[in-house]
**Student:** 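The following block contains the structure, expressed as structure tokens.
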Amino acid sequence: MNKKLMLLMPFLASASLTWAQTPQDSTDVSDKDGMASFIFSDSQLDENDNASQNANSLANYNEDQYLSNVGYTFSPMRFRVRGYDSEYEGVYINGALMNDAENGRFGFSRIIGGLNDVTRNQQGIMTYEQNSFGYMDVGGGSNINMRASQFSAGSKATLSLTNRNYVLRGMFTHATGLRNGWAFAASAGIRYSEEGNIEGTFYHAGSLFLGAERVFNPKHSLSLSLLAVPTQRAMQGASTEEAYWLANSHYYNPNWGYQNGKKRNARVTTTIEPTALLTWDFKINEQSKLTTTGMFRYGWYGSTRLERGSNALATAPDYYSKMPSNAFNVYEDVPLDWQLEKWQSLYDYWTESKANRQIQWDRFYQVNQQSVANGGEAVYYLEEYHNDQMVFGLNTAFNHIFNRNHRIDLGLSFNHTKGMHYKT
């Protein structure tokens, strides 16, 4: 699928090119993640297929107390200002638009998750508000300044303990400040949990930022920013109230099971999107400035799922036919003796052992081995859905101030995205 989009607006010209490549023998797994405005905690990410993997509204609305409060306080309730989805909010880094060309959203956790210390310097813009870096949509947006010269000289170390998806977070940041025309900055962090507050989940994430800037003279400077956030996490899955009752816990997670006595999760997400930005700042005179940023990003996204052949039993431990409620309709039927016996048998099976209400990995391997020994194929298999991207972007903005009441901002934005959607 080839698609070209040209958008011309007063004082800003935008050109976009998107190329989505889908092999004939694959399944399109384009990201359908719905994303409410403002920041979500990591524990809210990827609860199921439709859960968000993004978190946005990075804008620092210091002058608007309403937006400043709802953006933080109401985010757990997935509050949306004016009801706008995150695809209507633009996020820029050093003047380069970072929103996904395919779904319109900014991947917070995949691009800058864990880089708290180097993303604090940002400018928030409300709907269609004048700014110096890009054209804002109806949801507003923000621009994060990652130039090395903008960080205060010094070092900072952070160690945090929590009881959420990860139990340990550590960060270290160092910046030299501007010395003899050079500035360097670096930040590294980890978020780790062998098992989170939900049983069967784990969280392994790193974050890395490297920045260098060369100030040639008062008019010209060149800045390089490199960032990557490799993450692998096992997800929790939603279930029914009956399953929570049988497990005697609302933290029941049907996504994992024992394999050779060890816990293994069937839903594991792996992401990494290394990004490079090169920014040229040209101060023409006291009234005029030209800022140009080139951006390259290559992203890998994979999410596993346990599948089965057409004649195999369901893999999900909480599949409806495995539940006691499947024995008879408690709202309509008068149960017969054999139905009551079936209900009791399923109830006893669910409650007598934790392993019985989780994924049966060992049994799946035995069934596969038996099928292969009989000349057949594997009956159960683990699929990984991929949503990979290669992105090149170029943004340039010219700003000129005529006087205290008049100014003009001109810009050009180009984005080329190659999307690769397949499964293995």
Side-chain angles (χ1 to χ4, degrees), residues 22-32 46-51 195 198-202 232-240 242-244 246-247 252-271 300-327 338-339 341-388 420-424:
T22 305
Q24 294 180 354
D25 60 346
S26 70
T27 300
D28 189 351
V29 288
S30 301
D31 191 354
K32 300 178 181 177
D46 289 324
E47 293 175 353
N48 50 52
D49 282 346
N50 296 320
E195 184 170 71
I198 303 298
E199 192 172 14
T201 64
F202 63 83
Q232 186 177 58
R233 58 184 180 270
M235 295 181 287
Q236 70 181 89
S239 191
T240 63
E242 181 184 15
Y244 297 135
L246 292 169
Y252 169 68
N253 179 14
N255 283 346
W256 68 274
Y258 291 102
Q259 180 181 352
N260 294 329
K262 296 183 179 179
K263 295 178 182 179
R264 179 182 178 184
N265 196 302
R267 300 296 307 277
V268 177
T269 296
T270 304
T271 62
W300 290 271
Y301 172 88
S303 182
T304 62
R305 178 181 299 173
L306 191 60
E307 296 289 354
R308 56 174 174 141
S310 58
N311 296 323
L313 297 176
T315 59
D318 55 349
Y319 192 67
Y320 79 96
S321 63
K322 301 178 181 180
M323 309 298 290
S325 59
N326 188 56
W338 70 268
Q339 291 175 320
E341 291 176 1
K342 180 180 179 182
W343 187 95
Q344 188 65 48
S345 175
L346 291 171
Y347 173 84
D348 292 340
Y349 179 81
W350 258 80
T351 56
E352 69 181 4
S353 171
K354 180 185 292 186
N356 290 348
R357 51 181 178 262
Q358 304 300 149
I359 294 176
Q360 305 293 318
W361 287 104
D362 293 333
R363 186 178 70 85
F364 296 157
Y365 275 93
Q366 292 173 0
V367 172
N368 281 352
Q369 292 168 356
Q370 184 177 0
S371 177
V372 172
N374 294 333
E377 296 180 345
V379 177
Y380 297 100
Y381 51 93
L382 198 68
E383 287 186 339
E384 184 170 24
Y385 291 81
H386 291 263
N387 184 12
D388 303 341
M420 295 155 280
H421 313 288
Y422 59 97
K423 64 182 180 180
T424 56

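Worth saying up front: this structure is predicted, and the values here are computed from it rather than measured. In this chain, residues are counted from 1 in sequence order.
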**Student:** Quick check: does any side chain N or O of Thr201 sit under 3.5 Å from a backbone N or O of Ala234, one acting as donor and the other as acceptor?
**Tutor:**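 Not at all, since once roles are kept as given, no pair shorter than 3.5 Å links the two residues.
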**Student:** Is a side-chain donor or acceptor of Lys322 paired with a backbone partner of Ala314 at a separation under 3.5 angstrom?
**Tutor:**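 Yes, because the side chain of Lys322 sits within donor-acceptor range (under 3.5 Å) of the backbone of Ala314.
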**Student:** Does any N or O in the side chain of Glu383 come within less than 3.5 Å of the main-chain N or O of Glu307, such that one atom is a donor and the other an acceptor?
**Tutor:**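 It does not hold such a pair.
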**Student:** Atom NZ in Lys263, atom CG in Asn253: separation rounded to 0.5 Å?
**Tutor:**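 It is 10.0 Å, given to the nearest 0.5 Å.
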**Student:** To the nearest 0.5 Å, what is the distance between CZ on Arg357 and CE on Met323?
**Tutor:**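 Result: 11.0 Å between the selected atoms.
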**Student:** Would Tyr349 and Leu246 count as a side chain to side chain contact (heavy atoms under 4.5 Å, CB included) if you check the C-alpha gap in whole Å, the side-chain angles of each, and the deciding distance to 0.1 Å?
**Tutor:** CA-CA 10 Å; Tyr349 179 81; Leu246 292 169; over 6 Å; no
**Student:** Hey, what's the ring geometry for His386 with Tyr422, parallel, tilted or perpendicular (30° and 60° as the breaks)?
**Tutor:**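 Correct class here is parallel.
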**Student:** Distance from Trp361 atom CH2 to Leu382 atom CG, nearest 0.5 Å?
**Tutor:**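 Result: 5.0 Å between the selected atoms.
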**Student:** Could you grab the distance from atom CG of Leu306 to atom CG of Asn255, nearest 0.5 Å is fine?
**Tutor:**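 CG of Asn255 is found 10.0 Å from CG of Leu306.
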**Student:** Are side-chain N/O atoms of Tyr381 and Asn368 paired as donor and acceptor at under 3.5 Å?
**Tutor:**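 Result is no, nothing qualifies.
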**Student:** Could you tell me whether the side chain of Thr304 and the main chain of Ala266 form a donor-acceptor pair under 3.5 Å?
**Tutor:**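 Yes: the side chain of Thr304 pairs with the backbone of Ala266.
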**Student:** With rounding to the nearest 0.5 angstrom, report the OH to CG distance, Tyr365 to Asn260.
**Tutor:**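 If we round to the nearest 0.5 Å, Tyr365:OH and Asn260:CG are 9.0 Å apart.
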**Student:** Please confirm whether the backbone N or O of Phe202 pairs with a side-chain atom of Glu195, one donor and one acceptor, at under 3.5 Å?
**Tutor:**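 Checked: no pair found.
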**Student:** Any sub-3.5 Å donor-acceptor pair from Tyr252's side-chain atoms to Thr240's backbone N or O?
**Tutor:**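 Here the side-chain-to-backbone pair does not exist.
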**Student:** Does Arg308 count as lying over the ring of Tyr319, i.e. NZ or CZ under 6.0 Å from the six-ring centre, within 45 degrees of the axis?
**Tutor:**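 Satisfied, under 6.0 Å and within 45°.
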**Student:** Please work out which of the three classes, parallel, tilted or perpendicular, describes the rings of Tyr347 and Trp343, given edges at 30° and 60°.
**Tutor:**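 Because their plane-to-plane angle is under 30°, the rings of Trp343 and Tyr347 count as parallel.
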**Student:** Using atom types as modelled and distance alone, determine if a side-chain donor or acceptor of Gln236 lies under 3.5 Å from a backbone N or O of Glu199.
**Tutor:**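 Looks like no, no N/O pair under 3.5 Å.
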**Student:** To the nearest 0.5 Å, what is the distance between CG on Asp318 and CD on Gln358?
**Tutor:**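 Here the rounded value is 9.0 Å.
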**Student:** Regarding Asp348 and Gln344, do their side chains bring together a donor and an acceptor under 3.5 Å, going by distance alone?
**Tutor:**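 Indeed, the side chains of Asp348 and Gln344 share at least one donor-acceptor pair under 3.5 Å.
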**Student:** Under 3.5 Å, is there a donor-acceptor pair between the side chain of Asp388 and the main chain of Tyr301?
**Tutor:**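 At least one qualifying donor-acceptor pair exists.
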**Student:** Counting distance only, does the side-chain N/O of Thr270 pair as donor-acceptor with the main-chain N or O of Gly302 below 3.5 Å?
**Tutor:**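 Side chain of Thr270 to backbone of Gly302: no pair is present.
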**Student:** Does atom CD of Glu352 have more than 12 heavy-atom neighbours, drawn from other residues, nucleotides or ligands, at distances under 6.0 Å?
**Tutor:**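 Yes, the 6.0 Å shell around CD holds more than 12 heavy atoms from other groups.
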